[in-house]
K.L.:
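I am attaching a structure below and will ask some questions about it afterwards.
Keep in mind the model is a prediction, meaning the values are calculated, not measured.
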Amino acid sequence: MTVGSYFGLGLNYGDHWSGRYYVQDGQFLTAGINPSIGYRVTDWLSLGGGVSMEVAKLYNKVAVNTLLPGRSDGSLEYEDADLGYGYNLGILVELSKKTRFGLTYARKLILNSKTSLISTVKDVCLTPY
């Protein structure tokens, strides 16, 4: 059984940096579990496999320029989460008591983004053309 994370990121640049229209605050976190099993077929051959499950969560906040004098920036926040599945297979060959050779295959783990707004654009004044 393996429990861990493939990757993660967190940042907070605040409200007044020059790139605030790209990102102000963000997090990308993952956690996974991989139960596996192995079987020794003969004295020299072992096979194994497992199932991978990974949960990922994304959060992002950006500023929205109101383009109106005297108005502060608005903001847009969104988040997304998904659960992905995969598998892995392995083979181990013992050529001698001192030499082993192994191969593994890990299927690509797919996470599908379903980004949704968690809050609407705040404090932005839209003017008709």
Side-chain angles (χ1 to χ4, degrees):
M1 174 78 69
T2 303
V3 177
S5 176
Y6 286 114
F7 40 81
L9 168 72
L11 53 90
N12 186 341
Y13 290 117
D15 295 339
H16 302 291
W17 83 291
S18 60
R20 66 187 174 273
Y21 302 116
Y22 297 103
V23 66
Q24 285 180 301
D25 186 14
Q27 296 175 354
F28 186 56
L29 305 172
T30 65
I33 186 169
N34 187 334
S36 57
I37 190 168
Y39 180 72
R40 190 170 185 112
V41 179
T42 66
D43 288 343
W44 57 271
L45 177 66
S46 298
L47 302 174
V51 177
S52 302
M53 293 168 278
E54 187 83 17
V55 63
K57 182 177 180 184
L58 170 70
Y59 167 78
N60 193 29
K61 177 183 174 187
V62 298
V64 177
N65 192 345
T66 60
L67 299 176
L68 296 175
R71 300 266 320 198
S72 62
D73 290 336
S75 66
L76 175 68
E77 299 176 32
Y78 61 92
E79 72 177 347
D80 191 17
D82 194 23
L83 178 64
Y85 298 96
Y87 63 89
N88 51 17
L89 302 171
I91 183 170
L92 179 68
V93 177
E94 190 171 329
L95 301 175
S96 71
K97 292 291 183 190
K98 295 183 179 181
T99 306
R100 292 180 179 173
F101 176 76
L103 293 172
T104 61
Y105 170 79
R107 184 182 184 278
K108 178 172 52 174
L109 193 100
I110 298 172
L111 297 166
N112 295 313
S113 177
K114 302 174 208 75
T115 304
S116 59
L117 293 176
I118 59 172
S119 64
T120 58
V121 178
K122 299 177 189 172
D123 301 325
V124 175
C125 179
L126 301 175
T127 57
Y129 289 97

K.L.:
Determine whether Lys61 and Asp15 make a side-chain contact, defined as any pair of heavy atoms from C-beta on separated by less than 4.5 Å.
P.N.:
yes
K.L.:
Any chance you could measure Asp80, atom CG, to Tyr59, atom OH, to the nearest 0.5 Å?
P.N.:
14.0 Å
K.L.:
Any chance you could measure Trp17, atom CH2, to Tyr22, atom OH, to the nearest 0.5 Å?
P.N.:
9.5 Å
K.L.:
Working to the nearest 0.5 Å, report the span between CD of Gln27 and CG of Leu58.
P.N.:
9.5 Å
K.L.:
When you compare the side chain of Met53 with that of Pro35, does any pair of heavy atoms fall below 4.5 Å?
P.N.:
yes
K.L.:
Restricting to non-hydrogen atoms, name the atom on Leu111 and the atom on Gly84 that form the minimum distance, rounded to 0.1 Å.
P.N.:
CD2-N, 3.4 Å
K.L.:
Do Gln24 and Val62 come within less than 4.5 Å of each other through their side chains, counting heavy atoms only?
P.N.:
no
K.L.:
Give a yes or no answer on whether the side chain of Arg40 reaches the backbone of Asp43 with a donor-acceptor pair at less than 3.5 Å.
P.N.:
yes
K.L.:
Hey, are the side chains of Asn88 and Thr104 touching, using non-hydrogen atoms and a 4.5 Å cut-off?
P.N.:
no
K.L.:
Is any side-chain heavy atom of Leu11 less than 4.5 Å from a side-chain heavy atom of Val23?
P.N.:
yes
K.L.:
Heavy atoms, side chains only, cut-off 4.5 Å: are Asn60 and Phe28 in contact?
P.N.:
no
K.L.:
With no hydrogens and no angle check, is any side-chain donor or acceptor of Ser5 less than 3.5 Å from a backbone partner on Ala31?
P.N.:
no
K.L.:
Is the count of non-hydrogen atoms from other residues, nucleotides or ligands lying under 6.0 Å from Ile37 atom CD1 greater than 12?
P.N.:
no
K.L.:
What I'd like to find out is whether the side chain of Ile91 reaches to under 4.5 Å of the side chain of Leu45, using heavy atoms alone.
P.N.:
yes
